[in-house]
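I have placed the structure first, in the form of structure tokens, so that the comments after it can refer back to it.
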Amino acid sequence: MEPSSSEVAAAQTAPAEAGLHARVLDHLGTAICGGELAPGAILNIDELVDRYAVSRSVVREVLRVLASIGFIEARRRVGVMILPASAWNVFDPQVIRWRLASAGRMAQLRSITELRTAVEPHAAYLAANRIGHDEASDLVGLAAKMWAAGEAGDEERFLHLDIEFHRRVLLASGNEMFVRLQDLVAEVLTGRHKHHLMPHHPHEEALQMHADVAQAIQRRDGARARQAMVQLMEQAFGEMKSLWEQIGMPDREAPPGSTSR
């Protein structure tokens, strides 16, 4: 049966509407993370429709997504209110992406690096005890490819391989909760690259540490795998600390979503 004209029109407009939805969502999400829309501020649907030149259905869907991650809440007789950062789902990849795109990106990098330092070394320890032979060999090969990409200055390929390396370590841990952190790690690695917060050429020490992690996992040396990953996290943290010092960032930044600068 041939599709009706209304069905054809809907199919043609769906991609455009999806693009509008993504644009409005990104703009509002970044504005909330950056403090441009402060906690307690009220969002008006009609004003958003006019401001972004989109339909009410697009605005409602955007607000639904923002509510699902704790950015806003509809209150009777008040309207749609911006919530404080304490209500946010800070593990949501979109939230991480918006925080990295905001003025608070250094605080986001700090908190995620601290989380990774707590989790990834133990994931490496578990991987050394649980990984299969073929998967361990692939991990060593992946570390070698990272070294080659880093030495060649191929930033895009290095980023892709770096994300894959950490994804595989989390996966090999066999802990389903650790595995769920892979999107978070991918977002922060991508964000560091996008916002020029990592060296153009990875330091040789970092390349060696990835190789050390992979080789220790392959040898089923859990203690060494954990220590090598700790060293890798400390090296990454050291790189970012030098960036914080260059821009004069205080030891403790204002909470995300605040209006402080």
Side-chain angles (χ1 to χ4, degrees), residues 26 90-101 105-106 108-128 130-132 134-218 225-226 228-240 243:
D26 280 342
V90 294
F91 288 94
D92 188 285
Q94 288 185 116
V95 176
I96 294 167
R97 190 180 316 128
W98 294 331
R99 289 183 68 188
L100 288 172
R105 68 172 57 97
M106 289 302 180
Q108 174 68 104
L109 284 170
R110 184 199 300 275
S111 62
I112 292 186
T113 303
E114 289 172 348
L115 175 65
R116 293 181 65 196
T117 301
V119 171
E120 291 197 60
H122 195 62
Y125 172 83
L126 292 175
R130 296 173 176 175
I131 198 169
D134 290 343
E135 290 80 8
S137 296
D138 289 344
L139 189 65
V140 172
L142 192 58
K145 292 176 183 178
M146 287 181 65
W147 195 303
E151 291 284 287
D154 189 339
E155 295 181 47
E156 292 292 339
R157 178 163 173 73
F158 181 84
L159 172 64
H160 171 76
L161 294 169
D162 197 15
I163 291 172
E164 182 63 14
F165 181 90
H166 290 279
R167 186 190 73 82
R168 291 196 189 190
V169 172
L170 291 169
L171 185 63
S173 75
N175 183 301
E176 73 281 3
M177 299 187 78
F178 285 3
V179 172
R180 290 296 299 271
L181 296 177
Q182 62 180 295
D183 290 341
L184 178 153
V185 173
E187 283 296 341
V188 74
L189 291 175
T190 301
R192 286 187 64 193
H193 174 77
K194 178 179 179 180
H195 298 291
H196 310 293
L197 297 174
M198 60 192 308
H200 292 298
H201 291 269
H203 295 147
E204 187 170 324
E205 294 88 345
L207 298 173
Q208 182 62 56
M209 288 170 192
H210 281 88
D212 290 345
V213 170
Q215 290 164 8
I217 289 175
Q218 185 183 47
R226 176 161 50 198
M229 186 65 87
V230 167
Q231 293 172 340
L232 182 57
M233 293 296 103
E234 289 176 345
Q235 192 268 348
F237 199 88
E239 285 180 354
M240 286 182 284
L243 290 168

### Distance-minimising heavy-atom pair for Gln218 and Val140
OE1-CG2, 3.6 Å
### Summary
When rounded to the nearest 0.5 Å, the distance separating CG of Leu139 from CD1 of Ile217 is 5.0 Å
### Message
Which residues pass the side chain to side chain donor-acceptor pair (under 3.5 Å) test with Asp26, not counting sequence neighbours?
### Response
Trp98
### Message
Side chains of Lys145 and Arg157, heavy atoms from C-beta outward: is any pair under 4.5 Å?
### Response
yes
### Query
Can you check side-chain contact (heavy atoms from CB on, under 4.5 Å) on Val90 and Arg99, steps first, answer last?
CA-CA 9 Å; Val90 294; Arg99 289 183 68 188; 4.1 Å; yes
### Message
Minimum heavy-atom separation for Leu100 and Gly191, please, with both atom names.
### Response
CD1-CA, 3.7 Å
### Query
Who passes side chain to side chain contact (heavy atoms under 4.5 Å, CB included) against Leu171, sequence neighbours left out?
Arg167, Val179
### Task
Measure the CG-CG distance between Leu189 and Leu184 for me, rounded to the nearest 0.5 Å.
9.5 Å
### Results of ring pair (Phe, Tyr, Trp, His ring centres under 6.0 Å) for His210 - residues two or more places apart only
Phe165, His166
### Summary
Nearest heavy-atom contact between Pro202 and Leu207 is CB-CD2, 4.0 Å
## Note on the structure
Sorted by chain and number, sequence neighbours left out, salt bridge (charged side-chain N to carboxylate O under 4.0 Å, His left out) with Arg116 holds for Glu120
#### Entry: Pairs flagged by salt bridge (charged side-chain N to carboxylate O under 4.0 Å, His left out) wherever residues 180-190 is involved - sequence neighbours left out
Arg97-Glu187
### Message
I'd like to check the ring pair (Phe, Tyr, Trp, His ring centres under 6.0 Å) partners of His122; sequence neighbours left out, ordered by chain and number.
### Response
Tyr125
### Task
Identify, with sequence neighbours excluded, every residue that meets side chain to side chain donor-acceptor pair (under 3.5 Å) alongside Gln182.
none
#### Entry: With Glu176 via side chain to side chain contact (heavy atoms under 4.5 Å, CB included) - residues at least two apart
none
### Query
Ala118 and Pro121: which non-hydrogen atoms are nearest, and at how many Å?
C-CD, 4.3 Å
### Query
Who passes side chain to side chain donor-acceptor pair (under 3.5 Å) against Thr113, sequence neighbours left out?
none
#### Entry: Contacts of Gln208 that satisfy side chain to side chain contact (heavy atoms under 4.5 Å, CB included) - sequence neighbours left out
Trp147, Ala211, Asp212
## Note on the structure
With sequence neighbours left out, the residues meeting side chain to side chain donor-acceptor pair (under 3.5 Å) with Gln235 are His203, Glu239
## Note on the structure
CG of Leu159 to NZ of Lys194, rounded to nearest 0.5 Å, is 12.0 Å
## Note on the structure
Taken in chain and number order and not counting sequence neighbours, the residues that satisfy side chain to side chain contact (heavy atoms under 4.5 Å, CB included) with Ala123 are Val169, Leu170, Ser173, Phe178
